[in-house]
2 protein chains.
Amino acid sequence: MSSVTSTLPATPLPAPRMAADERRESILAAATAVFGAKSYAGTTTDDVARAAGVSQPYVVRLFGTKQKLFLAVLDRTVGKLLAAFRASMAGDAETQPTRMGEAYLGLLSERGLLQSLSAAFLLGGDPEIGPAARAHFADVWRFLRTEAGMGAETAHLFLSQGMLINTLVGLRVGTEYGANSGMTELFDLCVPDKVDVILAQIPTATEPW
Amino acid sequence: MSSVTSTLPATPLPAPRMAADERRESILAAATAVFGAKSYAGTTTDDVARAAGVSQPYVVRLFGTKQKLFLAVLDRTVGKLLAAFRASMAGDAETQPTRMGEAYLGLLSERGLLQSLSAAFLLGGDPEIGPAARAHFADVWRFLRTEAGMGAETAHLFLSQGMLINTLVGLRVGTEYGANSGMTELFDLCVPDKVDVILAQIPTATEPW
DNA sequence: GTCTATACTGAGATAGAC
DNA sequence: GTCTATCTCAGTATAGAC
């Protein structure tokens with residue numbers, strides 16, 4: 001009915017060129033968010049690509065395989081985790097556990113970071129991911145016991161509580177529960193005086209992926 | 001070269017007829033193991049079928065969709081969890097937390113039970129699984145606080161430690177780590193005097209799926 | 001450095017026989 | 001109650017252009 005030129009197919013503007021390292025990092029960040037939300041197998045390389053604003057084959061091109069991408073995400077995540085812990089270690093020994101706890105909560109501000117970790121920790125049976133996940137977990141444990149100087153008991157409690165926090169965030173408890181349902185009580189114990197901060201980090205709407 | 005009758009194609013013996021309920025339960029058990037090992041998205045209905053010794057379409061036929069199967073697994077799992085807790089409640093109040101902890105550890109003897117739960121707890125963002133997972137989690141919390149009469153602090157600690165145990169099992173820590181690596185220390189704190197029992201529950205070899 | 005086109009495979013689900 | 005055959009789509013990965 002009308003001219004051909006008027007029905008423009010909206011050229012899907014190619015992503016602007018970027019230094020490889022920069023692009024790599026932005027894809028890792030996107031992948032972290034998506035893996036965190038949909039777990040390893042539930043994530044497609046296309047999800048990641050769209051979250052990062054690049055094409056699906058390019059994601060594969062840069063990282064080789066989806067699995068390698070996931071392993072790269074893991075490395076980066078644990079690196080950030082330990083870095084955050086180390087950064088929190090200045091100050092007097094008395095309040096250190098508290099500060100480390102807060103450092104941990106700070107990591108919630110990166111979408112999917114802790115949930116990607118949790119996802120990896122469930123894949124111990126995978127022949128490639130499993131060993132990597134165990135190694136990373138052991139690194140964290142060793143860090144707490146040696147570098148951070150925590151006693152076994154303290155480190156145990158610290159880790160436990162971290163895992164529960166991960167669970168609550170993975171469950172998206174904040175999005176669905178109101179002030180009732182008893183969950184708020186638990187939330188308060190897990191992240192005292194930080195409920196609002198935490199809730200803000202949880203994705204509320206449907207994501208692009 | 002030889003007679004036709006001698007090269008038997010090994011008729012893949014059809015599963016013996018079973019009452020629907022019985023078959024349903026055996027598929028649920030198989031599905032629990034597989035979902036626990038490979039997470040929701042990583043599990044195929046064919047994995048489950050083979051673990052249960054039936055055909056893939058039959059699994060779908062009985063449960064409608066993979067998702068419904070997973071939700072059924074969740075129901076069953078939480079049912080077993082609460083049942084085990086309730087069963088442990090007889091006796092004096094003093095040692096009750098200990099007995100509940102032991103009841104929890106007892107659940108490790110069913111392959112994948114706690115790991116399926118953990119997997120579900122990571123899928124809070126899923127439009128159908130998320131709400132179900134939150135509801136189940138809330139049920140457990142309410143149980144601890146009301147029926148089991150735990151204080152908020154106690155319940156919090158109890159849950160935390162449960163989540164860490166789930167993590168360790170999901171990681172298959174026992175399979176890969178020997179007496180070194182520091183993990184044994186943590187293991188001992190998580191499941192005192194039960195290390196061997198726990199390790200025995202962790203699948204060691206390649207499974208049929 | 002990044003894309004389009006496409007080959008290939010795997011997996012959920014349906015149809016219908018026994 | 002259970003299977004075989006099969007349709008169909010989604011998703012990883014490759015080839016090759018720009």
Side-chain angles (χ1 to χ4, degrees), chain A residues 8-31 34-35 37-73 123 126-129 208-209, chain B residues 8-31 34-35 37-73 123 126-129 208-209:
Chain A
L8 5 122
T11 322
L13 13 143
R17 274 174 176 254
M18 227 173 175
D21 285 358
E22 225 178 323
R23 185 59 84 187
R24 214 185 126 84
E25 165 59 21
S26 81
I27 292 178
L28 282 174
V34 186
F35 280 131
K38 318 218 294 186
S39 196
Y40 174 64
T43 293
T44 71
T45 53
D46 192 58
D47 288 335
V48 173
R50 277 183 292 125
V54 297
S55 70
Q56 179 269 329
Y58 190 45
V59 170
V60 175
R61 162 78 80 134
L62 276 188
F63 291 89
T65 64
K66 174 178 155 180
Q67 191 174 76
K68 283 180 189 159
L69 170 60
F70 187 67
L71 293 173
V73 164
L123 297 177
D126 183 279
E128 276 103 57
I129 298 175
W209 12 278
Chain B
L8 5 124
T11 321
L13 13 144
R17 276 175 175 251
M18 229 174 174
D21 284 358
E22 224 177 325
R23 184 61 82 187
R24 214 185 125 84
E25 164 60 20
S26 81
I27 291 178
L28 283 173
V34 186
F35 280 130
K38 318 218 292 187
S39 196
Y40 174 63
T43 293
T44 70
T45 53
D46 192 57
D47 288 335
V48 174
R50 276 183 293 124
V54 298
S55 70
Q56 179 269 330
Y58 190 45
V59 169
V60 175
R61 162 79 80 135
L62 275 189
F63 290 90
T65 65
K66 174 179 155 178
Q67 192 175 72
K68 283 180 189 160
L69 170 61
F70 187 67
L71 293 173
V73 164
L123 297 177
D126 182 279
E128 276 103 57
I129 298 176
W209 11 281

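Labels below follow one simple rule: chain letters A, B, ... track the order of the sequence lines, proteins then strands, and each chain is numbered from 1. These numbers come from a predicted model, not from an experiment.
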Could you state the atom-to-atom distance from CZ of A:Arg17 to P of D:dC18 in whole Å? 14 Å

Base C:dA11 to side chain B:Gln56, donor-acceptor N/O within 3.5 Å cut-off: no

Write down the distance between CZ (B:Arg50) and C1' (D:dT2), rounded to a whole number of angstrom. 18 Å

Specify the separation, in whole Å, of atom CD of A:Glu25 and atom P of C:dG1. 16 Å

Mind checking whether B:Tyr40 and B:Phe70 have parallel, tilted or perpendicular rings, split at 30° and 60°? tilted

The side chain of B:Pro57 is closest to which nucleotide in this list: D:dA5, D:dC3, C:dG12? D:dA5

Within this structure, what is the CG-to-C1' distance between B:Asp46 and C:dA13, rounded to whole angstrom? 13 Å

Rounded distance (Å) that lies between atom P of D:dG11 and atom OH of A:Tyr40: 14 Å

5' priority, DNA chain D, between A:Arg61 and A:Gly42 [closest heavy atom]: A:Gly42

Drop me the distance from B:Asp47's CG to B:Lys38's NZ, to the nearest 0.5 angstrom. 3.5 Å

Measure CG/B:Leu69 against P/C:dA11 and give the value in whole Å, please. 16 Å

Check: A:Ser39 side chain, A:Gly42 main-chain N or O, donor-acceptor pair, under 3.5 Å: no

Among C:dC3, D:dG1, D:dT14, which is the nearest nucleotide to the side chain of A:Val60? D:dT14

Does C:dC3 have its OP1 or OP2 closer than 4.0 Å to a side-chain nitrogen or oxygen of A:Ser55? yes

For the pair made of CD1 in B:Ile27 and P in D:dG1, what is the distance, rounded to whole Å? 11 Å

Atom pair NZ/CG of A:Lys68 and A:Leu71 - distance to nearest 0.5 Å: 9.5 Å

Does B:Thr45 put a side-chain nitrogen or oxygen below 4.0 Å from OP1 or OP2 of C:dA11? no

Among A:Leu69, A:Val73, A:Thr45, which residue satisfies the side-chain contact (heavy atoms from CB on, under 4.5 Å) criterion with A:Phe63? A:Leu69

Closest to the A:Lys66 side chain: C:dC3, D:dT2, D:dT12? D:dT12

Whole angstroms only, please: what is the CZ-C1' distance between A:Arg24 and C:dT2? 17 Å

Can you tell me if A:Arg23 touches the phosphate of C:dG1, counting only side-chain N or O atoms and a distance under 4.0 Å to OP1 or OP2? no

